[in-house]
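These notes concern the structure reproduced below.
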Amino acid sequence: MELLGLYHYWVFAVLLMIGFYAVIAKSNLIKKLIGLSIFQSAVFLLYITMGKVDGGTAPIIQAGVENPVFSNPLPQVLILTAIVVGISTTALGLGIVVRIKEEYGSIEESDIQEIDRR
Amino acid sequence: MIDWSVHLPALQVIVPMLSAPFALLLRPRGLAWAAAVAASLFAFAIAVMLTLGVLDGRNFEYQMGNWPAPYGIELGVDAFSALVLLVITGASSLALLAGRRSLDADIEEDRQPLFYAAWLLALAGLVGIPVAADAFNIFVFMEISSLASYVLIAGGPDRRALPAVFKYLIMGTIGATFYLIGIGLIYLMTGTLNLADMELRIHEVADQKPILVAAGFITIGLALKAAVFPLHVWLPNAYTYAPNAVTVFLAACATKVSLYLLLRFDFLVFQPNLIGHDVQFSYFLMPLAVLAILIASLVALFEKNLKRLFAYSSVAQIGYILLGASLVSVAGLTASVVHIFNHALAKGALFLAIACLATRYSSLRLENLAGAARRMPWTMGAFVLAGFSLVGVPGTAGFISKWYLMTAALDHGSVGVVLVMAIVISSLIALAYVWRVIEAAYFGEPKGAASGGEAPVGILAVTWIAALANLYYGLAPSLPVTLASTAAESLLRHVP
Amino acid sequence: MSSSTAILMALALPLVGAIGIALAARIGSNVREAVTLLTASALAWTVWGLLPELMAGGRPSAGLVEVLPGIEIAFRVEPLGMLFAALASMLWIINSIYSIGYMRGNRESHQTRFYIFFAIALSATMGIAFADNLFTLFLFYELLTLSTYPLVSHKGDAKTVQSARTYLGILLTTSIGLLLPAIIWTYFVAGTGTFTPGGILDGKLEGPAVGLLLGLFVFGIGKAAVMPVHRWLPAAMVAPTPVSALLHAVAVVKAGVFTVTKVIVYIFGIDFLFAEPSGGWLLYATAFTVIAASVVALRQSNLKRMLAYSTIGQLSFVLMAAAILKPLAEIGAAVHMVAHAFGKITLFFAAGAIYTASKKTEIFQLRGIGRRMPWTMTAFTIGALSMIGVPPTGGFVSKWYILAGAFQAENYVAIATIVLSTALNAAYFLPIIYLAWFAQEDSTLSNEHGEAPFAAVLALTLTAALTLAFFFFNGTLLILEGQIVQGTP
């Protein structure tokens with residue numbers, strides 16, 4: 001049971017592999033980017049998971065609450081930054097795909113290679 | 001009297017970073033370029049001051065907002081990072097100074113402020129990595145520099161730049177994400193992100209699997225970003241189709257920064273904590289390094305496009321840097337670090353000369369360059385000098401690194417002899433591919449009517465500065481050698 | 001002028017001269033040639049000025065920069081280097097006179113470039129001669145290769161460029177692929193690369209490694225043209241004859257044998273190498289080259305190519321003498337370097353003079369040419385006799401010493417080689433002399449011509465006279481080179 005008890009990490013690993021598979025196996029550039037996003041999101045979950053403390057709350061000192069249990073806020077802060085990075089990457093990637101579509105008329109990797117070979 | 005020099009590490013990053021939005025606002029023609037040059041030169045001056053301080057025996061440590069480490073954000077500069085900073089800021093300044101005209105041709109005028117802003121962001125990200133002392137900050141800087149350099153490369157005149165950038169973006173992001181997983185796992189086990197703190201705290205959990213996994217993720221992730229063979233596939237096209245000035249900038253320093261980080265992590269963070277790490281490290285990297293220097297050199301030998309030829313040569317040269325490190329000795333690491341510096345000099349000068357050629361030739365294929373030396377004798381002169389430095393001819397900077405590398409390899413007995421043979425063979429191949437260019441340029445019959453002669457004086461002057469630096473640091477190499485040996489001693493402080 | 005300034009002067013003078021030539025060329029070709037001659041004379045005066053100090057046992061030196069700890073660019077004059085520098089600088093004057101006649105007589109293009117690179121090559125030669133350590137030597141060795149390349153490819157047509165590629169390809173590949181590793185290996189085991197009397201490797205290296213290192217050196221120094229790395233020399237014959245004469249009979253090839261000899265004497269040490277059997281192969285390799293090159297020379301029909309193969313044989317002859325590893329033979333090696341230089345430069349001058357006057361390049365065309373060009377063919381005859389080793393020519397002196405050394409070492413392989421090569425030399429030179437003087441001129445091949453331009457004839461007469469004079473006046477040289485084997489530091 002202990003293996004299943006750490007199900008967060010299983011989710012992380014499975015998502016990571018799904019994303020990675022899409023990046024490698026898909027020929028469509030948009031699908032590659034979707035895969036990349038899933039790949040990154042998996043890592044976000046890893047960070048969030050590690051910061052979570054059972055029953056923990058946000059680390060705000062409130063009147064009347066003695067010895068509260070806090071979740072670790074640092075991973076959440078980190079991952080906020082990482083999400084921004086991820087969004088920028090996706091946006092830039094999509095921008096490049098748009099440009100590729102304009103120049104090549106296709107977003108299939110195989111087509112582009114074919115055109116370049118000519 | 002306030003000592004301003006303590007703020008230098010912070011200024012190193014802040015100057016280019018804050019100049020970026022400023023450059024964005026400078027609409028009139030040429031002003032954005034001027035701002036970028038000024039910021040880059042300023043950053044270079046800061047790097048020089050930091051280096052002088054380090055040579056004086058100072059170690060810069062800087063707590064952002066006076067929050068003490070490991071809780072606050074720490075910046076730090078030692079010999080190794082000072083050397084890398086010099087390379088980055090120097091390459092950026094030279095590339096910008098030389099690149100004005102060719103960038104004018106490649107980038108539409110109304111987009112130039114955006115382009116130079118991206119350049120400054122790339123610079124800020126690149127200098128941020130050696131300055132930062134915090135694993136997560138390094139990740140952020142790495143992504144800033146990568147995202148900005150994707151933009152820079154996509155500015156290339158050829159549409160093939162776009163698929164090249166896309167590939168770079170995918171592989172770069174995977175590399176950075178691997179790195180992020182690695183530091184996440186370490187944070188999970190130790191609760192710290194500060195590198196110095198990490199070095200101490202991992203020890204308590206070093207026997208646990210996640211640390212080993214983290215070491216794997218970080219090494220592979222950074223190897224991807226550093227274009228370590230066979231993870232180099234993104235590099236040749238990205239360098240080939242980028243605007244020439246961008247190629248100068250990135251070829252001189254982009255992969256070096258990742259190598260810097262790779263060495264730092266493996267030698268300082270993991271070395272004292274994982275049992276047998278040094279052996280695993282060299283078993284893993286040495287064969288890859290040897291393959292890189294042989295295979296990539298061979299590929300370069302048969303390549304017809306000048307830029308791609310030297311892009312493959314970069315992959316081989318990264319192999320040299322790794323080879324030195326994989327020897328896990330002071331001499332070997334000194335060779336590695338010196339080569340980071342010297343290869344930047346040689347490759348920077350070569351790509352500058354190529355940028356000069358590009359001002360007169362529309363296609364940089366070898367057969368097209370026949371007789372180029374007759375039209376552009378000064379350009380080809382600089383090219384020859386830099387080419388010899390790449391080969392490692394004595395008297396040039398390249399020789400210094402080869403010398404250290406070979407003597408370091410010879411310390412390793414019979415394995416060393418094999419390594420020396422590999423180095424010699426690849427030097428000969430390098431000689432052959434440099435020679436192919438020289439032969440075409442000097443002895444080929446020019447085709448078609450010649451238009452224009454020598455490259456513009458501005459870019460030529462910068463090229464010669466870089467070429468002569470190869471000569472200078474080949475004859476008086478005390479600066480890089482001192483920094484490198486200090487860096488090597490410090491990296492190896494945990495190796496028994 | 002202090003002697004260390006003189007050393008640096010000797011290096012800088014040709015370079016300054018090169019700049020002077022470039023500037024003077026704008027005024028006119030006469031001024032340019034005057035600058036060349038002036039530079040050559042100044043260089044010879046500077047170099048020969050060092051001789052008295054050396055004869056007195058002094059070893060002037062000059063350091064330039066220390067590149068890395070233990071690796072510096074430094075110069076020191078010792079007898080072998082002095083000999084080489086004095087020889088090259090003196091012959092440069094004569095060769096310049098000859099060049100003027102030849103280049104003008106043949107209306108060659110790019111004459112300014114020719115004189116500039118010639119001067120740079122001489123600077124590199126001085127650097128090789130005076131180098132105090134392997135690193136410095138290597139720098140100038142490469143500079144010599146590179147600066148002679150434009151001279152070899154002077155004509156610029158496809159065939160010439162092809163040959164020039166062979167030239168550069170072999171010389172650069174061997175030096176970077178073999179010589180450089182050998183140098184690094186030496187620095188690694190001995191901790192230094194400074195040329196030291198008695199050698200620096202004794203006790204640092206033993207067994208087969210010694211033979212291997214020697215091999216890296218001998219074949220890495222491609223300029224010594226030990227087979228199988230000799231092919232560049234016949235290829236280099238596409239160059240204008242003054243280049244073949246000074247560079248490929250004297251400066252470049254002698255730089256090769258000089259470097260090997262210096263490595264044997266000052267890096268390995270004669271006694272160390274003699275006691276180490278694994279280095280013994282050198283004698284056989286060079287003996288083979290001597291015989292094989294002579295046989296090939298016998299079969300050549302082109303005069304310059306024949307001379308080139310003869311040079312290959314003679315170079316290995318010098319090396320074989322050095323490889324006997326006995327004092328008398330070492331002296332013989334040094335003496336033969338000089339004797340061969342005088343003789344071979346005369347032969348090349350003559351070949352060039354024949355070409356300038358009559359455009360003849362093949363041996364069979366030379367029937368009866370002695371009557372049309374008596375001065376040239378007299379000089380040719382003297383040079384050829386010196387190659388064979390007939391008294392009263394310089395070649396006899398060196399053969400005498402080498403034979404004496406071979407008997408001292410009871411080395412019968414060497415003795416047999418000397419005898420056989422003498423016979424072969426005679427076999428390919430005597431027919432030419434016979435054809436030139438005694439055969440009837442073939443009327444279908446002949447054209448009306450007289451002697452070559454005056455400058456060329458003057459130069460070859462001078463070198464022929466030197467060949468003869470060397471037979472009688474070689475005392476200074478013997479005293480000087482005697483110092484090497486007596487171990488004066």
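Any value given below was found using the heavy atoms of this structure, including those in side chains, with hydrogens, waters and symmetry copies removed. Letters A, B, ... mirror the listed sequences (proteins, then strands); counts begin at 1.
Heavy atoms closer than 4.5 Å to chain C are found in both the backbone and the side chain of B:Leu410. Heavy-atom distances place no part of C:Ser175 under 4.5 Å from chain B, backbone and side chain included. Heavy atoms of B:Leu475 lying under 4.5 Å from chain C belong to its backbone as well as its side chain. Interface residue C:Leu168: only side-chain heavy atoms are found under 4.5 Å from chain B. With a 4.5 angstrom heavy-atom cutoff, C:Phe140 does not touch chain B via any of its atoms. Looking at C:Leu180, only its side chain comes within 4.5 Å of chain B, counting heavy atoms on both sides.
Take B:Ala397 and apply the side chain to side chain contact (heavy atoms under 4.5 Å, CB included) test, not counting sequence neighbours, and it matches B:Asn342, B:Leu345, B:Ser389, B:Asn470, B:Tyr473. Annotation: side chain to side chain donor-acceptor pair (under 3.5 Å) contacts of C:Thr259 (sequence neighbours excluded): none.
The most heavy-atom pairs under 4.5 Å with chain C, out of B:Glu439, B:Lys402, B:Met406, come from B:Glu439. Among the candidates B:Ile423, B:Thr407, B:Val391, B:Val393, the residue making the largest number of heavy-atom pairs closer than 4.5 Å to chain C is B:Thr407. Chosen from C:Tyr149, C:Trp185, C:Phe135, the residue pairing most often with chain B at heavy-atom distances under 4.5 Å is C:Tyr149. Chosen from B:Trp435, B:Trp403, B:Tyr404, the residue pairing most often with chain C at heavy-atom distances under 4.5 Å is B:Trp403.
No more than 12 heavy atoms of other residues, nucleotides or ligands lie within 6.0 Å of CH2 in B:Trp378, so this atom counts as exposed by the packing criterion. The neighbour count for C:Arg113 CZ, taken as heavy atoms of other residues, nucleotides or ligands under 6.0 Å away, is above 12. Around CZ of B:Arg436, the count of heavy atoms belonging to other residues, nucleotides or ligands within 6.0 Å exceeds 12.
Taking 4.0 Å as the cut-off between side-chain N and carboxylate O, B:Glu367 and B:Lys304 do not count as a salt-bridged pair.
Aromatic ring centroids of C:Phe114 and C:His154 lie under 6.0 Å apart. Taking the six-membered ring for Trp and the full ring otherwise, C:Phe258 and C:Tyr141 have centroids separated by 6.0 Å or more.
Counting only N and O atoms by type, the side chains of C:Lys223 and C:Thr145 include a donor and acceptor under 3.5 Å apart.
Among residue pairs with one or both ends in residues 411-429 of chain B, none qualify as salt bridge (Lys or Arg N to Asp or Glu O under 4.0 Å); sequence neighbours excluded.
The stretch residues 323-332 of chain B places none of its residues near chain C, where near means some heavy atom under 4.5 Å from a heavy atom of that chain.
Classified by interplanar angle (parallel below 30°, tilted 30° to 60°, perpendicular above 60°), the ring pair B:Tyr433/B:Phe310 is perpendicular.
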